[in-house]
Amino acid sequence: MKKREATFNLKRFLMANIVPIIFILLSAFAIPISQFSAPYLVQEMLIRLARDSFLVLSLLVPIIAGMGLNFGMVLGAMAGQIGLILVSDWKVMGLPGMTLAAIIATPLAVALGWMCGAILNRAKGREMVTSYILGFFVNGLYQLVVLYFFGSLIPIHSPELVLSRGYGIRNAVNLVGIRNCLDYLIPVTIHGIRVPLGTFIVIAAFSAFIVWFRKTKLGQDMRAVGQDMEVSRSAGIPVERTRLISIVISTVLAAYGQIIFLQNIGTLNTYNSHEQAGMFAIAALLIGGASVAKATLPNVFVGVILFHLMFIVSPMAGKYLIGQAQLGEYFRVFVSYGVVALALVIYEWRRAQEKAYARRMFRGEA
């Protein structure tokens with residue numbers, strides 16, 4: 001009996017961590033082949049950890065509420081980009097400009113999050129696919145605003161932003177005024193490696209907020225709703241309201257995360273910077289060992305490190321291995337989508353296995 005339980009626990013551990021295990025093995029294989037130096041990899045990983053962690057952290061709140069992976073976080077990313085476009089036109093520089101962009105994005109993200117949450121409340125059990133399709137719908141509205149409304153209905157004075165026809169925003173917006181304003185707010189260099197300490201302080205504060213939030217009344221309500229909506233409703237918890245709040249919070253945080261992401265990049269790709277924000281953040285979270293139903297802070301940071309480590313080393317590993325760096329580029333795109341599909345399949349398979357095991361235990365067959 002104990003031997004069977006030990007075998008089951010080992011299988012359960014392997015299946016629960018199969019995605020991070022695969023990426024650790026791939027990284028261990030690809031890093032030596034890529035021939036990158038240790039200081040270069042450390043520098044790149046610090047930059048990417050600062051760049052993406054906030055976006056990935058914004059996914060945790062809906063998971064707590066049992067709503068799965070919030071593909072609708074792209075709505076918040078669009079709100080953040082609108083704030084950055086306006087700030088760039090008004091020539092507000094540095095940290096004040098980044099703060100103003102967040103202030104502008106907040107009511108937009110709240111409105112979009114409320115709309116998303118209201119729709120998802122009518123699509124219980126199908127939240128992920130619904131939020132994914134909703135992202136495409138709102139993307140159409142976003143394209144309409146930035147391509148036609150900016151410069152015509154919404155005044156844009158900077159000729160650097162507007163298309164030659166007099167309205168619509170150019171494909172690329174230079175964010176030189178706020179580039180790295182948060183990352184290197186506190187300049188720290190260790191052995192030639194620049195540390196984006198300002199962003200890490202914000203990420204640490206947000207992580208502490210997540211830990212505190214889970215202990216609050218609202219956080220406990222979300223956990224209860226995530227475990228069983230009917231029992232929560234019987235206990236007097238407003239299920240629909242709690243779920244809606246979780247999506248609103250996630251959307252607002254995604255707006256802030258996109259602003260942090262783009263101040264690190266320094267350039268806004270107006271029409272598609274937001275499109276991959278949700279997919280890459282979700283892929284990173286799943287690579288860290290998270291699932292649709294459970295995600296922790298370590299999952300976030302482990303996932304960001306493993307995901308971006310592969311993004312850094314795969315092109316050069318492909319070049320030195322078979323002489324084609326382009327293969328590494330294709331691999332990166334394949335990984336971002338493939339890992340989401342793999343993790344979801346494993347999650348459903350694991351649920352079926354655990355249910356079958358529980359039934360056998362109940363019947364005394366295990």
### Query
Rounded to the nearest 0.5 Å, how far apart are CZ of Arg223 and CD1 of Ile237?
11.5 Å
### Query
Taking the side chain as C-beta and beyond, is there a heavy-atom pair between Leu285 and Leu69 under 4.5 Å?
yes
### Task
Decide yes or no for Val61 and Ile210: does some side-chain heavy atom of the first lie under 4.5 Å from some side-chain heavy atom of the second?
yes
#### Entry: Which atom of Asn299 lies closest to which atom of Gly288, heavy atoms considered
ND2-O, 2.9 Å
### Query
Just one of Val300, Asp52, Leu57, Ile260 clears the side chain to side chain contact (heavy atoms under 4.5 Å, CB included) bar with Ile203, so which one?
Leu57
### Query
Just wondering, do Phe150 and Leu161 contact through their side chains at under 4.5 Å, heavy atoms?
no
### Message
Quick one: does any side-chain atom of Glu44 pair with a main-chain N or O of Leu41 as donor and acceptor, under 3.5 Å?
### Response
no
### Query
With a 6.0 Å cut-off on ring centres, are Phe280 and Phe261 close enough?
no
### Query
Sub-3.5 Å donor-acceptor pair from the side chain of Gln143 to the main-chain atoms of Tyr271, do we have one?
yes
## Note on the structure
From the list Val202, Leu55, Thr106, side chain to side chain contact (heavy atoms under 4.5 Å, CB included) with Tyr256 holds only for Thr106
### Query
Checking Ser53 side chain against Ala50 main chain: does a donor-acceptor pair fall under 3.5 Å?
no
### side chain to side chain contact (heavy atoms under 4.5 Å, CB included) involving Thr99 - partner list, sequence neighbours excluded
Leu95, Ile103
### Task
Check whether any side-chain N or O of Ser273 sits under 3.5 Å from a backbone N or O of Leu268 as a donor-acceptor pair, and report yes or no.
no
### Task
With sequence neighbours excluded, tell me which residues meet side chain to side chain contact (heavy atoms under 4.5 Å, CB included) with Ser37.
Pro39, Tyr40
#### Entry: Residue pair Asp221, Thr242: steps toward the side-chain hydrogen bond (donor to acceptor under 3.5 Å, both in side chains) verdict
CA-CA 7 Å; Asp221 286 351; Thr242 302; 4.9 Å; no
### Message
I need the minimum non-hydrogen distance between Cys181 and Met98, along with the two atoms involved.
### Response
SG-SD, 3.7 Å
#### Entry: Gap separating the OG atom of Ser131 from the CZ atom of Phe136, nearest 0.5 angstrom
11.0 Å
### Message
Give me each pair satisfying salt bridge (Lys or Arg N to Asp or Glu O under 4.0 Å) with a member in residues 92-110, each pair once, sequence neighbours excluded.
### Response
none
### Query
Does any non-hydrogen side-chain atom of Gln263 lie less than 4.5 Å from one of Leu175?
no
### Task
Taking the side chain as every heavy atom from C-beta outward, state whether Phe23 and Leu309 have any atom pair closer than 4.5 Å.
no
### Message
Counting only heavy atoms not in Arg241 (residues, nucleotides, ligands), do more than 12 fall under 6.0 Å from its CZ?
### Response
no
### Task
Could you check Ile63 against Lys294 for side-chain contact (heavy atoms from CB on, under 4.5 Å), going step by step and ending with a plain yes or no?
CA-CA 6 Å; Ile63 292 176; Lys294 183 179 180 182; 5.5 Å; no
### Option passing side chain to side chain contact (heavy atoms under 4.5 Å, CB included) with Tyr142 (candidates Leu75, Thr270, Leu147, Val74)
Thr270
### Task
Apply side-chain contact (heavy atoms from CB on, under 4.5 Å) to the pair Ser27 and Val313, showing each step before the final yes or no.
CA-CA 8 Å; Ser27 299; Val313 301; 5.7 Å; no
### Residues Val304, Phe301; criterion side-chain contact (heavy atoms from CB on, under 4.5 Å); working and verdict
CA-CA 5 Å; Val304 172; Phe301 299 111; 5.8 Å; no
### Task
Kindly check if the number of other-residue, nucleotide or ligand heavy atoms within 6.0 Å of CZ (Arg122) is above 12?
no
### Query
Is the charged tip of Arg48 near the ring of Phe311: under 6.0 Å from the six-membered ring centre and within 45° of its axis?
no
### Summary of salt bridge (Lys or Arg N to Asp or Glu O under 4.0 Å) pairs that have at least one residue in residues 124-141, sequence neighbours excluded
Lys124-Glu240, Glu127-Arg243
### Query
Just by modelled atom types, is the Val225 backbone N or O under 3.5 Å from a matching donor or acceptor in the Ser232 side chain?
yes
### Query
Using 30° and 60° as the class limits, which term best fits the ring planes of Phe209 and Phe206: parallel, tilted or perpendicular?
parallel
### Message
When you compare the side chain of Ile133 with that of Phe71, does any pair of heavy atoms fall below 4.5 Å?
### Response
no
## Note on the structure
Tightest non-hydrogen contact, residues Gly151 and Ile156, listed as N-CG1, 3.6 Å
### Message
For the backbone of Ser58 and the side chain of Ser250, can you confirm whether one donor and one acceptor N or O come within less than 3.5 Å of each other?
### Response
yes
### Query
Is a side-chain N or O of Arg170 found less than 3.5 angstrom from the main chain of Ala172, in a donor-acceptor match?
no
#### Entry: Sequence neighbours excluded, every pair satisfying salt bridge (Lys or Arg N to Asp or Glu O under 4.0 Å) that has a member inside residues 88-115
Lys91-Glu160
### Task
Measure the spacing between CD1 of Ile82 and CD1 of Ile104 and express it to the nearest 0.5 Å.
10.0 Å
### Task
State the CG-CD1 distance between Leu86 and Ile169, to the nearest 0.5 angstrom.
8.0 Å
### Task
Share the residues that join Val176 in a hydrophobic cluster, the rule being Ile, Leu, Val, Met, Phe, Trp or Tyr side chains under 4.5 Å apart at the heavy-atom level.
none
### Message
Could you go through Val173 and Leu84, starting from their C-alpha distance and side-chain angles, then the distance that decides it, and tell me whether this counts as side-chain contact (heavy atoms from CB on, under 4.5 Å)?
### Response
CA-CA 9 Å; Val173 175; Leu84 287 173; over 6 Å; no
### Query
Are there more than 12 heavy atoms of other residues, nucleotides or ligands under 6.0 Å from atom CZ of Arg214?
yes
#### Entry: Distance, nearest 0.5 Å, that separates CG of Leu120 from OG1 of Thr130
6.0 Å
### Query
What is the distance from atom CG of Leu306 to atom CE of Met45, rounded to the nearest 0.5 Å?
8.0 Å
